[in-house]
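Here the structure is laid out as structure tokens; the discussion comes afterwards.
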There are 2 protein chains.
Amino acid sequence: MDVNKIENTVIFQGMSEREISDALEGLNAVKKKYKKGTTILHAGSTTKRMGLVLEGSVTIENNDVWGNRIILSHVGKNQFFAETYGLLADEPMLVDVVANENCQILFLTIGFLHRGTLRPKSWTTKIMSNLLIISTHKNLLLSGRNFHTAPKTIRGRVMSYLNSVSIQKGTTVFDIPFDRQQMADYLNLERTALSKELRKMKDDGLIDFHKNNFHLMESLEL
Amino acid sequence: MDVNKIENTVIFQGMSEREISDALEGLNAVKKKYKKGTTILHAGSTTKRMGLVLEGSVTIENNDVWGNRIILSHVGKNQFFAETYGLLADEPMLVDVVANENCQILFLTIGFLHRGTLRPKSWTTKIMSNLLIISTHKNLLLSGRNFHTAPKTIRGRVMSYLNSVSIQKGTTVFDIPFDRQQMADYLNLERTALSKELRKMKDDGLIDFHKNNFHLMESLEL
DNA sequence: TCAACTACGTGGTTATAACCACATACATCT
DNA sequence: AGATGTATGTGGTTATAACCACGTAGTTGA
């Protein structure tokens, strides 16, 4: 396992090279590749492992039998998924994890961590501390979607989402990680209705966009 | 501080009485009372403390300037809130915490925990491990709301929510912790529209209810 | 360069949830 | 008990998002 590539990810923050390679061994680190569109983890199943996206990106989504899709979040390079289910190893997953593009995943077995079965080594406490940060951030992310899907109007949802991305990226011009259908599924909207409203917002001078590149206009009103 | 009352809460799980009282001191435990309707923590502010509900209950909500309310969750006795913001002590809160009834809160200062400034004592790792569990469960809770608010129809949302409560409580007759307005704000609906749909669902033999007591009928269809 | 496929957008229709105004039931207080 | 206040329900109207069918643009591949 190549330590250099991952020593800067949140989960190994503050750890020495030695600790990291101990941790990688202790956590049974396994690398795996997936083709775009593949389901990496299936809703209903359980897992003792969390995932770190080394290359590519994945989406966390729920697909019901009628073909409806809910997208909870997008997980990009150097970000994590399934840490919740990995830790609570018995909890059946409510979501699928799907490869959004060809990607490479590092799996880490964390299901035993909180049980204290392992005698505490220096790396275990550090990993747990870092997992805590990851979990709390994931919390903010899920809260975020709750807010973006709250406005009754399409325009309200779009603005809530685009604003948050803009603030996060620190610029009014930015790419979003979703295509239209995904954006609609993230904002809990119907795709064509979203298209229409985006058009209107462009006509109204609120935003500009091309594909998944968006430009938030400074609102002229005080 | 009376240890007996709280030794069974999740955050002190697996700790000796001695560890618990050390932890209470180290976490600067403070008890406080709030009257129904009081805002305990304000959106926009930061906090280094998390809350444990000793008595009563609180709601986690967002109130915008136009009077719209979003309820993210209900936190009952022996449950926790603001652990996310307490840990990420710089993160401005996106939500208010409001006393749902007269209540008593135990505040624990956890803002320093993950920084490793404190030299590791036996209780710190245990608290962190337990916080991890709490955080991941909070994650599932937030995911839950994302799912309950996803169906396009009022009936779909109500069923999604009531089903999850029913499963969680293990019975088809149960109380929900919300009044109508709160239920509407949780499911992202307008109150009167919710009332009407509940009535229709009763007429259709899907559910029965009186106030906040609900009865899920076994669906007759295969 | 043409064909096939996918992503995206548009027009028109309809179902339905929001909204408003009000009624009724229920609880609280003196 | 009566009065006040709050929670809940109902009827009617309207705005709007979902839905369906189709067109167009943009991409991939032979």
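Values in this document were obtained by computation on a predicted structure and should not be read as measured data. Below, chain A is the first sequence line, B the second, and so on; all start at residue 1.
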Sorted by number, the residues of [range] with heavy-atom contact under 4.0 Å to DNA chain C:
{"range": "residues 57-66 of chain A", "answer": "none"}
{"range": "residues 185-201 of chain B", "answer": "B/N188, B/L189, B/E190, B/T192, B/A193, B/K196"}
{"range": "residues 173-182 of chain B", "answer": "none"}

For this session: Give a yes or no on whether a salt bridge exists between A/D204 and A/K200, defined as a side-chain N under 4.0 angstrom from a carboxylate O.
Result: no
Exercise. Got a salt bridge between B/R155 and B/E197, using NZ or NE/NH1/NH2 to carboxylate O under 4.0 Å?
Worked result: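 Yes, this pair counts.
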Listed partners of [X] passing salt bridge (charged side-chain N to carboxylate O under 4.0 Å, His left out), at least two apart:
{"X": "A/K77", "value": "A/E55"}
{"X": "B/K196", "value": "none"}
{"X": "B/R69", "value": "B/E61, B/D185"}

Problem set entry | Contact nearer the 5' end of DNA chain C, comparing B/R157 with A/F209 | A/F209
Exercise. Would you say B/K202 has more than 12 foreign heavy atoms packed within less than 6.0 Å of its NZ?
Worked result: yes
Exercise. More than 12 non-hydrogen atoms from neighbouring residues, nucleotides or ligands closer than 6.0 Å to NZ on B/K36, yes or no?
Worked result: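 At most 12 heavy atoms, drawn from other residues, nucleotides or ligands, come within 6.0 Å of this atom.
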For this session: Let me see the working for A/I176 and A/Y161 under side chain to side chain contact (heavy atoms under 4.5 Å, CB included), right down to the final yes or no.
Result: CA-CA 10 Å; A/I176 64 169; A/Y161 172 59; 3.8 Å; yes
Can you confirm whether the side chains of [X] and [Y] place a donor and an acceptor under 3.5 Å from each other?
{"X": "B/T84", "Y": "A/T136", "value": "no"}
{"X": "B/N213", "Y": "B/D175", "value": "yes"}
{"X": "B/E190", "Y": "B/T192", "value": "yes"}

For this session: Can you measure from NZ (A/K48) to CG (A/L88) and round to the nearest 0.5 angstrom?
Result: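 One finds 12.0 Å between NZ of A/K48 and CG of A/L88.
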Problem set entry | Helix axis bend for the helix from C/dT1-D/dA30 to C/dT30-D/dA1 - C1'-based end axes, five pairs, 10° rounding | 50°
Exercise. Any idea how A/F178 and A/H74 line up, ring-wise: parallel (<30°), tilted (30 to 60°), or perpendicular (>60°)?
Worked result: perpendicular
Below 3.5 Å between N/O atoms, which protein atoms pair up with nucleotides 26-30 of chain C? Just atom names and distances, please.
none

Problem set entry | Pairing residues for B/F80 by the ring pair (Phe, Tyr, Trp, His ring centres under 6.0 Å) criterion, not counting sequence neighbours | none
For this session: Using modelled atom types only, decide if a donor and an acceptor are shared between the side chain of B/N130 and the backbone of B/Q13 within a distance under 3.5 Å.
Result: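 Yes, because the side chain of B/N130 sits within donor-acceptor range (under 3.5 Å) of the backbone of B/Q13.
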Exercise. Between which nucleotides of DNA chain D, read 5' to 3', does contact with chain B run, using atoms under 4.0 Å from its heavy atoms?
Worked result: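 Contact span on the strand: D/dT8 to D/dA18.
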For this session: With sequence neighbours left out, write down each residue that passes side chain to side chain donor-acceptor pair (under 3.5 Å) with A/S164, or none if nothing qualifies.
Result: A/H148
Problem set entry | Contact nearer the 5' end of DNA chain D, comparing B/K36 with B/K152 |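 With B/K36 and B/K152 compared, the 5'-side residue is B/K36.
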Exercise. Among pairs that include at least one residue of residues 87-100 of chain A, which meet side-chain hydrogen bond (donor to acceptor under 3.5 Å, both in side chains), considering only residues two or more places apart or in two chains?
Worked result: A/S57-A/N100, A/N63-A/D96, A/N100-A/Q182
